[in-house]
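Reckoned from all heavy atoms, side chains included, excluding hydrogens, waters and symmetry mates.
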Amino acid sequence: MRMELALREFHQRGALQTVIIRAPWFYGPNQPARQTLFFQMIRRGKAPIVGSGENRRSMSYLDNLCQGLMLAAQVERASGQTYWIADRRPYTMNEIVDTVERLLDREFGGGCAHRRVRLPGWAADIAYVADRLIQAVGFYHQKIHVLSEMNKTIACSVARAQRELGYAPQVELEEGMRRSLAWCRAQGISF
C-alpha cells in the first residue's frame, strides 16, 4: 500500500505517469516454486482445506495478467488509475484443489492420494497470530502466512478493468492449471 501511495504521489505531481496493477495469486509457466509445492501437496493428499473450503480466491493466469498489463500500458485513460487483473471470477478453494487433482489424475499420470488435510477454521486464526508475531520481529514464514489466509475469501472484481481497459481474460482455472502442469512437466519439475 505504501508503494501505491508513493506512486500516486509521483503521478499527481506529474513526475511519473503510472498505472497500478494489482495481481492476486498468479499461476502459469515460470510460476513460483510455491505453486509447484501446491501441486505436490495435492498429489500427496496433503492439500489443506481450512474450514469448509468454500472461501473464494481470485487467481490470475499469466496470459490474463499479461493482457491486463499490455492494456494498462496502451489505454490512455488508465493513467493514474488502479486495476485488479485476475481471471474472470474467483474460485473456491475446493474448486481449485479438485481441478488440479482431476487434471493430475486424467491427464498427468494419476497417482493422487484423493485426500485433503481438513483443518477447522480456527487453525487459520492461530496461524494469523503466529504470522503477526513473526513479522513483528522482522521475519517472514511463508507457510504460516499462507495457512493464516486459507479460510479467508480473498477475491476481487475485474469489472473496472473490463469496462475501462477492454480487459477480457481468456484463460480460466482448468485450462490455466492444465498449462501450468504441462509447463512443469516440460521443465522436468516433478509434481
Side-chain angles (χ1 to χ4, degrees), residues 3-4 18-44 46-50 53-75 78 81-112 116 142-143 145-191:
M3 181 60 74
E4 286 189 15
T18 66
V19 179
I20 296 171
I21 298 297
R22 294 176 178 163
W25 175 1
F26 60 92
Y27 63 109
N30 296 300
Q31 65 199 13
R34 68 180 177 266
Q35 185 66 31
T36 305
L37 175 62
F38 182 63
F39 294 160
Q40 292 166 345
M41 292 171 74
I42 293 170
R43 183 180 289 279
R44 295 177 186 145
K46 296 182 187 238
I49 297 294
V50 182
E54 291 304 305
N55 54 303
R56 295 173 303 117
R57 298 298 296 261
S58 285
M59 299 181 71
S60 186
Y61 182 69
L62 286 176
D63 287 6
N64 295 338
L65 182 54
C66 289
Q67 179 199 143
L69 289 167
M70 295 296 293
L71 288 166
Q74 296 168 354
V75 175
Q81 302 302 314
T82 301
Y83 299 96
W84 281 103
I85 300 296
D87 293 356
R88 192 171 308 279
R89 66 178 181 87
Y91 312 106
T92 68
M93 284 304 300
N94 288 326
E95 182 181 12
I96 295 165
V97 172
D98 290 347
T99 298
V100 173
E101 185 177 68
R102 183 175 56 254
L103 289 167
L104 286 169
D105 268 348
R106 293 181 184 168
E107 299 178 28
F108 292 91
C112 286
R116 308 283 184 274
Q142 181 181 330
K143 290 180 182 176
H145 178 77
V146 169
L147 179 59
S148 77
E149 297 176 337
M150 289 295 294
N151 68 339
K152 311 228 178 353
T153 289
I154 303 174
C156 64
S157 169
V158 297
R160 183 172 186 218
Q162 290 172 313
R163 187 175 60 252
E164 294 181 11
L165 301 178
Y167 176 61
Q170 301 298 307
V171 181
E172 293 293 324
L173 182 66
E174 184 158 343
E175 182 58 26
M177 287 300 183
R178 178 179 290 113
R179 293 178 188 183
S180 296
L181 290 163
W183 176 82
C184 287
R185 177 171 279 167
Q187 301 304 306
I189 299 170
S190 62
F191 44 77

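With a 4.5 Å cut-off on side-chain heavy atoms, D63 and R179 count as touching. Looking at N30 and Q35, their side chains never come closer than 4.5 Å, going by heavy atoms from C-beta outward. By the 4.5 Å heavy-atom criterion applied to side chains, Q31 and F39 are counted as neighbours. Taking 4.5 Å as the limit, some side-chain heavy atom of I96 sits within range of a side-chain heavy atom of R57. Taking the side chain as every heavy atom from C-beta outward, K143 and L37 approach each other to under 4.5 Å.
A159 and S157 get closest at one heavy-atom pair: N-OG, 3.1 Å. Of all heavy-atom pairs spanning G111 and D105, the tightest one is N-OD1, 3.9 Å. Closest of all the heavy-atom pairs between V19 and A78 is CG2-O, 3.4 Å. In plain terms, the two heavy atoms of L62 and G28 that are nearest each other are CD1-C, 3.7 Å. Contact record, S60 with P24: CB-CD, 4.1 Å, taken as the closest heavy-atom pair. The heavy-atom pair separating A155 from R56 by the smallest distance is CB-NH1, 4.1 Å.
Counting only residues at least two apart or on different chains, no salt bridge (charged side-chain N to carboxylate O under 4.0 Å, His left out) pair has a member in residues 180-191.
We find the CZ-CG distance between R116 and N94 to be 7.5 Å, quoted to the nearest 0.5 Å. Note that the CD1 atom of I21 and the CG atom of L165 stand 6.5 Å from one another [nearest 0.5 Å]. Atom CD of Q187 is separated from atom OG1 of T36 by 10.0 Å, given to the nearest 0.5 angstrom. Once rounded to the nearest 0.5 Å, the distance linking CG of D98 with CD of E174 reads 11.0 Å. The distance from atom CZ of F108 to atom CE of M177, rounded to the nearest 0.5 Å, is 11.5 Å. For the atom pair CD of Q40 and OG of S190, the computed distance is 5.5 Å after rounding to the nearest 0.5 Å.
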Name each donor-acceptor pair under 3.5 Å that joins a side chain in residues 83-90 to protein atoms two or more places apart or in another chain, with its distance.
unit_1	atom_1	unit_2	atom_2	d
Y83	OH	E164	OE1	2.8
D87	OD1	Y61	N	2.8
D87	OD1	N64	ND2	2.8
D87	OD2	Y27	OH	2.7
D87	OD2	Y91	OH	2.8
R88	NH2	P169	O	2.6
R89	NH1	E95	OE1	3.3
R89	NH2	E95	OE2	2.5

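Considering only residues two or more places apart in sequence or on other chains, E149 meets the side-chain hydrogen bond (donor to acceptor under 3.5 Å, both in side chains) condition with H145. In this structure Q170 satisfies the side-chain hydrogen bond (donor to acceptor under 3.5 Å, both in side chains) test with no other residue, sequence neighbours excluded. Q74 is linked by a side chain to side chain contact (heavy atoms under 4.5 Å, CB included) to M70, counting only residues two or more places apart in sequence or in another chain. Applying the ring pair (Phe, Tyr, Trp, His ring centres under 6.0 Å) rule to Y167 yields no partners; only residues at least two apart in sequence or on another chain are considered.
T153 contributes no side-chain N or O that, together with a main-chain N or O of N55, makes up a donor-acceptor pair within less than 3.5 Å.
More than 12 heavy atoms of other shown residues, nucleotides or ligands fall within 6.0 angstrom of atom CZ in R163. More than 12 heavy atoms of other residues, nucleotides or ligands shown are found within 6.0 angstrom of CZ on F38.
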